[in-house]
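Everything numeric here is computed off the predicted structure, so don't read it as measured data.
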Amino acid sequence: MSTFVLVHGAWHGGWSWDKIVPLLRDAGHRVLTVDLPGHGTDTDTTAVSKVTLQDYTDHLCRVLDNESEPMILVGHSMGGLVITQTAEYRPDKIQLLVYVCAFLPVNGQSLLQILEKDDTASPLPIIRSEDNTYLKLNKSFVKDAFFGECSENDSFEAIQKLCFQPLLPFATPVRTTEDNFGRIPRVYIETLKDNALSTRCQREMYARTPCRSIITMDTDHSPFLSQPKVLSSHLNNLAEQMEVC
């Protein structure tokens, strides 16, 4: 049995993993999901305009600190940024890092710097707040970017749950070292029909920060909704491999 900690992406919440959680638990694993500050159940508690990357990582570190054994940390999209920085702070708490079509920055790089180079992805329907502290989405045009391979029902429900996204975490560079982040094994799950984070960009990232293995899924930016059984099977196999190691 492994313990998974699932970290959602930008504009999302812990609800992203609702189809994955029971499948992993049925396989015998413990599964924890988080709502990062300003997301999910925390949207009415934390002022989205003031949320920082440090707030994200502090929250995730608290989750890890409550566990006694090393865990498998899974990040989707922006969640890759969060698990990367958290791994620098808590390397002994993490057994494996799994990036699900996620941002995998190098030391000193921000999410915005990665996005600026991804000229093959479809432009996201983003609207900046008047005070330039958070990002809104035009929900009428989100489906193709995030949920292109998802069912109409799943994509509709997901779009209704999308929240505002703090801008500061996007603009803040990660700070990592080989002694901490660098010693944790990594796996990248790439998505071939991704309109939000292009496959080319994903491959450039894991070429610069090599991973133990690469898993390819022929789907969109939301495999937790479009192919939950396949994704959970990959995660379960990774846990079994870690047990053998």
Listed partners of His12 passing side-chain hydrogen bond (donor to acceptor under 3.5 Å, both in side chains), at least two apart: none
Modelled atom types, side-chain donor and acceptor of Gln85 and Tyr56, under 3.5 Å: no
Nearest-0.5 Å distance that lies between atom CG in Leu124 and atom CG in Asp144: 11.5 Å
Distance-only side-chain donor-acceptor flag, Tyr99 / Thr84, under 3.5 Å: yes
Glu88/Arg175 ion pair, N-O < 4.0 Å: no
Nearest-0.5 Å distance, CD of residue Gln202 to CG of residue Leu104: 10.5 Å
With Tyr89 via ring-ring contact (aromatic ring centres under 6.0 Å, His included) - residues at least two apart: none
Thr3-Glu69 side chain donor-acceptor pair, cut-off 3.5 Å: no
Rounded distance (nearest 0.5 Å) linking atom CH2 of Trp15 with atom CG of Asp35: 10.5 Å
Flag side-chain contact, heavy atom, 4.5 Å: Asn153 against Glu157: yes
ring-ring contact (aromatic ring centres under 6.0 Å, His included) partners for His29, two or more places apart: Phe4
Distance-only polar pair, side chains of Ser233 and Asn236, donor-acceptor under 3.5 Å: no
Parallel, tilted or perpendicular: ring planes of Trp17 versus His76, cut at 30 and 60 degrees: perpendicular
